[in-house]
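One structure is given below, encoded as C-alpha cells.
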Amino acid sequence: MKSYDFKSIEEKWQKVWNEKKVARVEGKNSSGKFYMLMMFPYPSGKLHVGHGRNYILGDAVYRYLRMRGLKPLNPMGWDSFGLPAENAAIKKGVHPRKWTLENIKEMKSQFSRWGVLYDWDREILTCDPSYYKWNQWFFLKMYEKGLAYKAKANANWCPGCRTVLANEQVVNGVCERCSTPVEGRLLEQWFLRITNYAERLLEGLDKLKQWPERVITLQRNWIGKSEGADIIFEIPHLGKKIEVFTTRPDTLFGATFLALSPDHPLSEEIVEKDKFSELKNLRMKKGDTYEKMGIKAKYTAIHPLTGKEIPIWIANFVLMEYGTGAIMSVPAHDQRDFEFASKYGIEIIEVIHKDGGFNGTCAYDGEGILINSSQFNGMESERAKRAIVEKLERMGRGKKSIRYKLRDWLISRQRYWGTPIPIIYCEKCGIVPEREENLPVLLPMDIEFKGLKGNPLETCEEFVNTLCPNCKGKAKRETDTMDTFVDSSWYFLRFINPKEEKAPFISKDVNEFLPVDLYIGGIEHAILHLLYSRFFTHVLYDLGLVNFQEPFQQLFTQGMICKISSITGKLEKMSKSKGNVVAPDEIISKYGADTERLYTLFIGPPEKDAEWSDQGVTGCFRFLKRVWDFGERISSMERKGEKVRDEKILRKLHQTIKKVTEDYERYHFNTAVASLMEFFNFFEENAKNENRAFLEEVFAIFIKLLYPMAPHICEELNQKISESEMMLLEKAWPCYDPQLAKEEMVVVVIQINGKLRGQVKVPENSPEDYVVELALKEENIKNHLAGKEIKKKIYVKNKILNFVL
RNA sequence: GCCGGAGUGGCGGAAUUGGUAGACGCAAGGGACUUAAAAUCCCUCGGAGUUUUCCCACUCCGUGCCGGUUCGAUUCCGGCCUCCGGCACCA
C-alpha cells in the first residue's frame, strides 16, 4: 500500500491545472454569468496562512460552483502602487518596480502552491502604464465635471510617510500605515468631490441586501447624515451674518451665545487685536484632550426670533470641518455648551421641559415640551422643529438643512510610486489638464532612491518641465501622485477587458458581467476601498459608462487569522510586525496544501476571526491520511461479484450530501468539514464488507463532496478509482435522494413538563396516538406519570411528544 | 458617550424556523502494538449525585447575570455585566 505522498500529488495536479489553464474564461461566458472576485492583494512579499484564508475560501467556492455547472469569471491582479515599495527602494536602493515584480512572482507561486485557481490571462498590474493611464483618464473626466478640484485645506500630514493622507487613512490620530502621529498642515491638494454623492451612497446601501449588516452600518455612520436647519444670526456692528447648523431648531430660544471655531473665517475680525496670540493658542488646542476654552468676541449677534443680543465666543470645541464651523449654543440642552457656559458664566435657559429633564447640573438633550419659547410654548419637540424652521424660512433667517460627516476625498500624495496626476501649471494659463491623447503621463523610471528625502518627482527635471497643452508656453507638471485607493476603485471593471487599449473597458461587456456577483475580502476594507469603489461606480454611471450603480452584489467579509504574539503576548492579527506569522510553506512541506486548506476552512465560521493552532492542523492531516488509506484499500480490492448495497451507509451518505450542499451554499465550510468527518467515521466503521463495487460508488461521491476544500488528494483518488479520466473539477456535484436522506426510523423525544424523560423510535410521520401508546409503555415514563393526571399532550411530528401534567 | 458584534466543556467550535445542548476537531487521561519512540488503533472525557460487583440505567444542576413569555428558551422579550470592533467635542 502506498502511503499518502502529498508532495508529489500536489505538484502533479498543480502542474495539470496550470498547463490546462482550467480557470480561463474566454470572452463571454457560455455557462451562465457569474463573476466572483477576491480582493486583490498588495504585493508586499511573502504571504502567510492568514492571507491564505481569503484565497482558500474563494477557491473552495470557485470549485464548488464549477461542479454546480457554472464557470465563474475569477480573475486576479495586483494592487501594485504604494508606499512599501518606495520605502524598500529608499532602504535598499532597489527600484520600486523591481521590488514589486519580484514580490508578485513570489506570491503568484504561493497561489499555485495553495492550489487556488485564477484566470491568469486577465492578470492586471495597477503600476503598469496601460492601467494607470485610465486612472488619469478618469481624473480628467472628473475634472471636467467639477468632481476633481484643487483646494487649500488643513490636510492630514504624516511625517513618517512624508505625505498627506485621506481622512479615512487616519486611525486614532495616527497614520494607518506607519502609526506616526498625524499633523495638520495647510496645503494645496487635489480632492475628489465624494460629498456630492453622500446621499446616493447612503441610499445605495439600502439596495445592498447581500452585504453584511455591520459593513452597511459602518458606511452609514461614516457618511453620517444629520437633518436639521441652517440658521442665520446677524452681527449688526460688523454688517455681516453668521450661519450655524443645528439638529435641534426646537431649542432655538435657549440659544444664549454663538460659538465659532478658531479656524472660522470671521474669527480674526471679531476678536480684539490684543487677543490674537490667544486665538493662535486656541487653534493649537483643538481635540477632546483639551479642556473647553474660548475667547469672547468684541461683537454680539442678534437672536433671529427674540431680537435679543447674544454674545459670540470663539471656542476650541467647535470644528471648522463640520457644518458651518459655527454653532448656536444651547447650554441647557447640550452638554458641551453647558460645560462652556458654566465655565464662563453665560446665561442658561431651559426651553425643553420633561420630568427628570434639565436640573441645572447637566444638560438634558432629549425631547419634551417647549417652554420659555414664546408662541411655541407647549409644543412637542418634533412639531416645534418644523414650526420654528417654517417661521425662520418665512423670515428669510434660515432653512431646512442636511449635513454629512463625510468629507471630500483627498487624493494627492507627495510620493513617487503612484499614478501622476495629469495636471500642468502654465505660467500664463494657470491650471491646465493634460490632453487625453497625451496620456499616460508616464512615471519616470530612472530615479535614484538611496538616501532620498521628499518626492523624487520634484527633482526630476525632464518630468517637471513641460509645455502648456494650450499655449505651448513654459509649464510645470503636477508632482503629486494619486492615492492608491484610486487604483483599486475600478480594477474590477478592468478584468473584463484587461488588454483594451482604447478605453478603460468596453461598456457593453462590463454591463454584461457586472455587478460582481460575489466579492470576498477582509473587513478592514469596510469603509475605505468599498466606499471609494461605490463612489467611482456611481460616477461612471453618471458618465454613461456603466448601467449599474452598485458594483458588488454580494459581499462576504472573512475574519482574520490571529495568533498569540511573541512581542505583545496577546492574541493579534497575524502579521510580521507582531512576530506571529505562520509560513504556508512550513505547513505545506509538513502536511501538504490540502491539509492547510482543510484546516483553514475548518478553523471556525469564515466571517469570524479565528485563532491559528498548529495542533489543530494535525487533526485535518490525520483525516486526509485516513481518507487516502481508505482509497488505497479500495483500489487494492478485487472486483468480484455483484454490487451489494448497504442501506445504512447509503442513508448516511445521502444525508451527508444534503448537509454538505447546504453548508457550501451558506459558506459554512467549518460544518461541511465536520459533516464529512462524521460521515467518514461512520463509513469506515460500517464498511466491513469487501464489496468493491459498492464501496467505490460511495467513496467516489464522498471525494466529490470533499473536493472543493481539498482538491489535490481528491483528484488523485478520483483518478485511482474512477474509470473515466475526467477531472473532478469538471464533474457534476452529487445530488441526494430525498427518500434516502430521510431517516427510516425517527427518534421522537418524550418530555414531561418540557423535561427530557425518554425517547422512542418510530417510522417517519407516525400519528400521535401511536407515539403516545409507545411512550406510555416506557418504564421511565410510567414512573414519572404514576399517580398524575395528563392535562395536555403536545406532539410535534418526528421531533417531540410532551406530556403536561 | 454613540453605533455594531459577541459571551456555550480544559480549548476551537456545533445546534439552519423556539423542540434531545456540547456534533466535529484539538488537548488530556487510560489501554493495545513496540526493546523504545514516532505513527496507528481502542476506551473515557460539562459538573454533582443515586443505583450497582459490572453492565444497563436514573435524578439534579448547567449555554455571562437577573427576570419574563412558553408545554418547552443557547434561540424570543425586558433589565444588567463583561469583552471585541467602529465612530467620537459631528452641534
Side-chain angles (χ1 to χ4, degrees), chain A residues 3 171-172 212-222 224-226 228 244-248 251 259 261 286-292 315-319 321-330 333-337 339-340 365 403-407 523-524 526-527 571 598-599 602-605 607-620 622-623 625-626 629 659 662-663 665-666 668 670-681 747-759 779-780 783-784 791-796 798-805:
Chain A
S3 68
V171 178
N172 294 326
E213 199 48 47
R214 58 175 171 162
V215 176
I216 302 268
T217 309
L218 280 171
Q219 292 215 356
R220 188 166 280 135
N221 292 345
W222 188 261
K225 181 179 183 173
S226 295
V244 304
F245 171 68
T246 179
T247 52
R248 294 296 302 273
T251 65
S261 163
K286 294 178 289 192
D288 57 2
T289 49
Y290 293 98
E291 197 195 330
K292 291 186 179 49
N316 67 338
F317 71 91
V318 181
L319 305 171
E321 304 80 42
Y322 184 72
T324 62
I327 59 167
M328 65 175 212
S329 283
V330 185
H333 303 294
D334 183 288
Q335 187 56 27
R336 294 154 303 180
D337 299 347
E339 285 166 27
F340 193 85
D365 61 8
R403 301 271 172 178
Y404 304 90
K405 284 188 206 171
L406 182 71
R407 275 170 252 160
I523 186 77
E524 65 274 20
I527 297 173
L571 195 61
L598 197 67
Y599 176 66
F602 185 53
I603 196 166
E607 69 281 3
K608 284 199 196 147
D609 289 353
E611 186 182 348
W612 183 270
S613 148
D614 289 326
Q615 281 170 328
V617 177
T618 60
C620 290
R622 286 200 273 254
F623 172 66
K625 208 158 61 161
R626 276 167 56 211
D629 290 346
K659 176 76 169 64
E662 285 163 1
D663 283 344
E665 289 291 332
R666 298 181 302 158
H668 286 202
N670 53 331
T671 51
V673 177
S675 303
L676 288 171
M677 287 173 165
E678 192 186 333
F679 169 77
F680 192 73
N681 290 344
V747 173
V748 172
V749 170
I750 313 301
Q751 295 182 338
I752 290 169
N753 286 338
K755 287 205 178 201
L756 174 70
R757 294 302 175 200
Q759 46 179 251
E779 202 58 39
N780 200 32
N783 292 342
H784 279 277
K791 274 196 195 146
K792 204 169 149 191
K793 284 173 282 201
I794 292 151
Y795 179 60
V796 180
N798 305 326
K799 285 218 169 112
I800 63 145
L801 172 66
N802 189 10
F803 293 110
V804 184
L805 302 183

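Source: prediction; values computed, not measured. The chains referred to below are lettered A, B, ... by the order of the sequence lines, with proteins before strands, and numbering in each begins at 1.
For the C1' atom pair drawn from B:A14 and B:A21, the interatomic distance equals 10 Å after rounding to whole Å. Comparing the P positions of B:C77 and B:G9 gives an interatomic distance of 23 Å, to the nearest angstrom. Atom C1' of B:C83 sits at a distance of 15 Å from the matching atom of B:C65, rounded to the whole Å. For the P atoms, the distance linking B:C45 with B:G10 amounts to 15 Å, nearest Å. Here the separation of B:U69 from B:G78, taken at their C1' atoms, is 11 Å to the nearest Å. Across B:C71 and B:G18, the matching C1' atoms stand 12 Å from one another, rounded to whole Å. Nucleotides B:C87 and B:G13, compared at atom C1', are 31 Å apart to the nearest Å. As rounded to the nearest Å, B:A36 and B:C54 have C1' atoms that lie 35 Å from one another.
Separating the CD atom of A:E607 from the P atom of B:G85 is a distance of 18 Å, rounded to the nearest angstrom. Taking atom CG of residue A:L218 and atom C1' of nucleotide B:C2, one finds them 13 Å apart after rounding to whole Å. Here B:A27 presents its C1' atom at 18 Å from CH2 of A:W612, a figure rounded to the nearest Å. As rounded to whole Å, 14 Å separates atom P of B:U40 from atom CZ of A:F623. Remark: P of B:C89 and CG of A:N316 are 12 Å apart, rounded to the nearest angstrom. Taking atom NZ on A:K225 and atom C1' on B:C3, their separation rounds to 18 Å, with Å as the unit. Spacing between atom CG of A:L676 and atom P of B:A23 amounts to 18 Å, rounded to whole angstrom units. Atom CD of A:Q335 and atom P of B:C2 are 13 Å apart (whole Å).
The backbone N or O of A:S613 sits less than 3.5 Å from a side-chain atom of A:Y599, completing a donor-acceptor pair. Between the A:N316 side chain and the A:E291 main chain, a donor and an acceptor come within less than 3.5 Å of each other.
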Checklist entry - Which nucleotides of nucleotides 13-19 of chain B have their base under 4.0 Å from a protein heavy atom (B), which only their sugar-phosphate (S), and which neither (-), written as one string 5' to 3'? => result SS-B--B
Item to check | Contact pattern, 5' to 3', of nucleotides 57-63 of chain B - B, S or - by protein heavy atom under 4.0 Å | outcome: -SSSS--
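When heavy atoms are screened at a 4.0 angstrom cut-off, A:Y599 is found touching no nucleic acid atom at all. At the heavy-atom level, A:V804 lies under 4.0 Å from the strands shown only through sugar-phosphate atoms. Among the atoms of the strands shown, none is found under 4.0 Å from any heavy atom of A:V330.
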Next on the checklist: What verdict does the side chain to side chain contact (heavy atoms under 4.5 Å, CB included) test give for A:H333 and A:R248, after you've listed the backbone C-alpha separation in whole Å, the side-chain angles of each residue and the deciding distance to 0.1 Å?
Outcome noted: CA-CA 9 Å; A:H333 303 294; A:R248 294 296 302 273; 5.6 Å; no
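Within the 4.0 Å cut-off from OP1 or OP2 of B:A91, at least one side-chain nitrogen or oxygen of A:S226 is found. Within the structure, a side-chain polar atom (N or O) of A:R622 is placed less than 4.0 Å from OP1 or OP2 of B:C26.
For B:G29, the base adopts the anti conformation, since its glycosidic angle falls more than 90 degrees from zero.
Here the straight-line distance linking atom CG of A:L676 with atom CD of A:E678 works out to 10.0 Å at 0.5 Å rounding. Expressed to the nearest 0.5 Å, how far OG of A:S3 lies from CG of A:D629 amounts to 8.0 Å. For the atom pair CG (A:N802) and OH (A:Y795), the distance works out to 13.0 Å, reported to the nearest 0.5 Å. Considering OG1 of A:T671 and CZ of A:F602, their distance stands at 10.0 Å, rounded to 0.5 Å. A:K625 NZ to A:T618 OG1: the interatomic distance, rounded to the nearest 0.5 Å, is 10.0 Å. The CE atom of A:M328 sits 4.0 Å away from the OG1 atom of A:T246 when rounded to the nearest 0.5 Å.
Looking at the side chain of A:T247, the nearest of the listed nucleotides B:C24, B:G4, B:A91 is B:A91.
The 5' end of RNA chain B is approached more closely, in terms of each residue's nearest nucleotide, by A:E213 than by the other of A:R248 and A:E213.
The side-chain contact (heavy atoms from CB on, under 4.5 Å) search around A:D365 returns none, not counting sequence neighbours. Residues forming a salt bridge (charged side-chain N to carboxylate O under 4.0 Å, His left out) with A:K286 (at least two apart in sequence, or on another chain): A:D263. Qualifying ring-ring contact (aromatic ring centres under 6.0 Å, His included) partners for A:F317, counting only residues two or more places apart in sequence or in other chains: A:F340.
Scanning RNA chain B for stems, defined as runs of 3 or more consecutive Watson-Crick or G-U wobble pairs whose donor-acceptor distances all fall under 3.5 Å, gives the following ranges: B:1-7 with B:81-87, B:10-12 with B:24-26, B:28-32 with B:40-44, B:46-50 with B:57-61, B:64-68 with B:76-80.
Contact annotation: side chain of A:K292 to base of B:C89, donor-acceptor pair present below 3.5 Å.
Minimum interatomic distance between A:V748 and A:L801 (heavy atoms only, all atoms of both residues): CG1-N, 3.9 Å.
Between A:K608 and A:I603 the shortest side-chain heavy-atom distance does not fall below 4.5 Å.
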